[in-house]
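Nothing here was measured: the structure is a model prediction, and the numbers come from that model. Numbering starts at 1 and runs along the sequence shown.
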Amino acid sequence: MTTQRAAASKWRSIHILGFLFLLAGAEPSYSATVGDAGEFIADLGTHAIQIMQDSGSSVADRQQRFQTLMNADFDLPKIAQTVLGRYWQGTSDIERQQFTDAFADYMSQMYFARFSDYNAGSFRVLKQRVDSERMMVVSTEIVPLATGQPIRVDWNVVRTVDSYKVVDIVASGASLSQALREEFSTVIRRSGGVTNLVELLKTKVSELTASTQ
């Protein structure tokens with residue numbers, strides 16, 4: 001249990017900073033062939049930067065565009081199933097959909113809110129590795145301006161018909177999906193069910209949305 005808490009704590013201190021410094025960084029530098037996974041991750045970062053730096057748009061508009069980007073480039077339904085873990089099997093179809101929707105909103109609003117608090121850093125795509133016929137890992141290096149110390153972030157992406165989708169992020173060995181699964185499992189055990197977790201996520205989304213207005 002202590003090891004799990006340490007891993008979750010490590011992720012909370014790394015994955016938010018790592019992901020956001022990646023998106024807030026200078027334009028990606030990567031030599032890629034058209035349509036490969038590394039280019040996909042580089043483009044994701046570039047599009048996020050363009051959204052956040054669009055001073056001519058309202059906060060609500062940028063939030064919506066950021067959420068659209070997350071929905072397009074992340075396999076949020078798959079990630080939602082993964083982070084719910086063993087509790088996924090014990091829920092109804094309606095509960096699964098409610099959780100998936102709340103989780104998707106939570107992820108996009110959380111990253112949008114945190115992203116707004118950071119200045120630009122730098123990142124670059126280092127390499128990509130084929131794990132299976134459909135799964136690839138894109139390794140990136142992020143160098144926050146505050147510390148100057150590089151952070152290794154690996155993006156697990158799955159090949160789709162015409163592109164890729166992110167299914168997990170691993171920062172310095174800590175998995176986003178694993179950390180959230182442990183955190184959500186604790187909430188479910190303490191609150192008594194998935195429905196209460198959904199309501200908690202909705203509350204968090206409302207708080208995050210209000211904090212960025």
Point to revise | Backbone N/O of Val170 and side chain of Asp154: donor-acceptor pair under 3.5 Å | key: no

Exercise for review: Spell out, as yes or no, whether a donor-acceptor pair under 3.5 Å connects the side chain of Arg134 to the backbone of Val158.
Suggested key: no

Shortest non-hydrogen contact between [X] and [Y], atoms and distance:
| X | Y | result |
| --- | --- | --- |
| Gly38 | Val125 | O-CG2, 4.0 Å |
| Ser185 | Tyr87 | OG-CE1, 3.7 Å |
| Val157 | Met135 | O-SD, 3.2 Å |
| Phe40 | Ser163 | CD1-OG, 3.7 Å |
| Ser191 | Leu197 | OG-N, 4.5 Å |
| Val167 | Ile79 | O-CG1, 3.4 Å |

Practice item. Dump the intermediate steps for side chain to side chain contact (heavy atoms under 4.5 Å, CB included) on Val205 and Met107, then the final yes or no. Key: CA-CA 9 Å; Val205 168; Met107 287 286 286; over 6 Å; no

**Study point:** Check against side-chain hydrogen bond (donor to acceptor under 3.5 Å, both in side chains), Asp93 and Gln97
**Key:** CA-CA 6 Å; Asp93 290 342; Gln97 189 59 57; over 6 Å; no

Review point. Yes or no on side-chain hydrogen bond (donor to acceptor under 3.5 Å, both in side chains) for Arg129 and Ser139, after CA distance, side-chain angles and deciding distance?
Key: CA-CA 8 Å; Arg129 182 184 78 243; Ser139 297; 5.3 Å; no

**Study point:** Residues in side-chain contact (heavy atoms from CB on, under 4.5 Å) contact with Val130, at least two apart in sequence or another chain
**Key:** Met136

**Study point:** Ser92: side-chain contact (heavy atoms from CB on, under 4.5 Å) partners, not counting sequence neighbours
**Key:** Ile94, Glu95

Point to revise | Connected via hydrophobic side-chain network under 4.5 Å: Val137 and Ile41 | key: no

[atom1]-[atom2] distance between [X] and [Y], expressed to the nearest 0.5 angstrom:
| X | Y | atom1 | atom2 | value |
| --- | --- | --- | --- | --- |
| Leu76 | Thr100 | CG | OG1 | 9.0 Å |
| Asn196 | Leu200 | CG | CG | 9.0 Å |
| Thr209 | Asp105 | OG1 | CG | 8.0 Å |
| Gln63 | Ser58 | CD | OG | 8.5 Å |
| Thr160 | Asp75 | OG1 | CG | 9.5 Å |
| Trp155 | Tyr164 | CH2 | OH | 15.5 Å |

Exercise for review: Taking atom types as modelled, find out whether Asp54 and Ser57 have a side-chain donor-acceptor pair closer than 3.5 angstrom.
Suggested key: yes

Decide yes or no for [X] and [Y]: does some side-chain heavy atom of the first lie under 4.5 Å from some side-chain heavy atom of the second?
| X | Y | value |
| --- | --- | --- |
| Thr140 | Gln128 | no |
| Leu201 | Phe184 | yes |
| Gln89 | Arg96 | yes |
| Arg62 | Val59 | yes |
| Val138 | Asp36 | no |
| Phe74 | Ile169 | yes |
| Thr91 | Phe99 | no |

Review point. Should we say atom NZ of Lys165 is surrounded by more than 12 heavy atoms from elsewhere, each under 6.0 Å from it?
Key: yes

Exercise for review: Kindly determine whether Arg181 and Thr82 satisfy side-chain hydrogen bond (donor to acceptor under 3.5 Å, both in side chains), including the steps that lead there.
Suggested key: CA-CA 7 Å; Arg181 183 166 60 246; Thr82 299; 5.8 Å; no

Check your understanding: After noting the C-alpha distance and the side-chain angles of Asp61 and Arg65, does the key distance pass the side chain to side chain contact (heavy atoms under 4.5 Å, CB included) rule?
Key -> CA-CA 6 Å; Asp61 180 60; Arg65 289 163 60 195; 3.3 Å; yes

